[in-house]
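A quick write-up on the structure given underneath.
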Amino acid sequence: MTMTEPVHRGSCLCGGVRYETTAPLQAASHCHCSMCRKAHGAAFGSYASVRREHHRFVLGQALLRTYQSSAQVTRTFCSVCGSPLLWHSEGAHADWVAVPLGTLDTPYDTPPQKHIYVDSKAPWVVIGDGYPQEPQG
């Protein structure tokens, strides 16, 4: 079996969990839904997606915990420091995982393409970057 060279590497705050993607990240977005805001403790969560088979945890798998935040979405995080590490849906996009861009340790120079769930955004946030805004996802 041949190992594919990583395109991106990432880790949690404490460094106990590390992951790699073996394909470029796609469909970057800022999600303003209340679940992403709460999971990140921030105004929005910034994510990009990669096919599930191109994402792998390479260190700290025993530290991973999951939380089903809705009927379709499961979030994975580090049980030591609480860093969100990915989310996935069992719905129409079950072959994909979303990686929080803030956990990347390698450069990512493709800016997010859009803002999603802006109908749920924090009232104190003003979006002024010119990227498209979608009321839902």
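These values consider heavy atoms only, across backbone and side chains, with no hydrogens, waters or symmetry-generated copies.
Between the side chain of R56 and the main chain of E53, no donor-acceptor pair closer than 3.5 Å is present.
Judged purely by distance below 3.5 Å, without hydrogens or angles, the side chains of H32 and S120 never pair a donor atom with an acceptor atom. H40 and Y47 are linked by a side-chain donor-acceptor pair at a separation below 3.5 angstrom, with hydrogens and angles left out of the test.
Between S69 and K38, the closest side-chain pair of non-hydrogen atoms is not below 4.5 Å. Inter-residue side-chain proximity for Q136 and D119 is flagged as met; some heavy-atom pair is nearer than 4.5 Å. Counting heavy atoms from C-beta outward, C14 and C78 have side chains that approach closer than 4.5 Å.
Members clustered with V50: V17, Y19, L25, F57, L63, L64, V80, L85, L86, V97, V99, L101, L104, Y108, by chain and number, using a 4.5 Å side-chain heavy-atom cutoff among hydrophobic residues. Residue V118 shares its hydrophobic cluster (ILVMFWY side chains chained together at separations under 4.5 Å) with W124, V125, I127.
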**OP:** Report the C-alpha distance between M35 and W87 in whole Å, list the side-chain angles of each, state the deciding distance to 0.1 Å, and finish with yes or no for side chain to side chain contact (heavy atoms under 4.5 Å, CB included).
**Re:** CA-CA 11 Å; M35 288 183 286; W87 73 265; over 6 Å; no
**OP:** Determine, step by step, whether H93 and H88 satisfy the side chain to side chain contact (heavy atoms under 4.5 Å, CB included) criterion, reporting the C-alpha distance in whole Å, the side-chain angles of both residues, the deciding distance to 0.1 Å, and the verdict.
**Re:** CA-CA 8 Å; H93 304 288; H88 70 275; over 6 Å; no
**OP:** Take W96 and R52, measure what side chain to side chain contact (heavy atoms under 4.5 Å, CB included) needs, and give me the verdict at the end.
**Re:** CA-CA 5 Å; W96 293 82; R52 190 184 294 251; over 6 Å; no
**OP:** Would you check, one step at a time, whether the test salt bridge (charged side-chain N to carboxylate O under 4.0 Å, His left out) holds for D105 with R9?
**Re:** CA-CA 6 Å; D105 297 324; R9 290 183 174 94; over 6 Å; no
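Considering every non-hydrogen atom in both C31 and Y117, the closest pair reads SG-CD1, 3.8 Å. Heavy-atom minimum distance, Q113 versus P132: O-CD, 3.2 Å. Residues F77 and P84 approach most closely at CB-CA, 4.1 Å, considering heavy atoms.
Atom CZ in R75 sits 11.5 Å away from atom CD in Q68 (nearest 0.5 Å). In this structure, OG on S29 lies 12.5 Å from CD on Q133, to the nearest 0.5 angstrom.
By the 30° and 60° cut-offs, the orientation of the rings of H115 relative to F44 is perpendicular.
If you run side-chain hydrogen bond (donor to acceptor under 3.5 Å, both in side chains) between H8 and each of T103, T106, T21, only T106 comes through.
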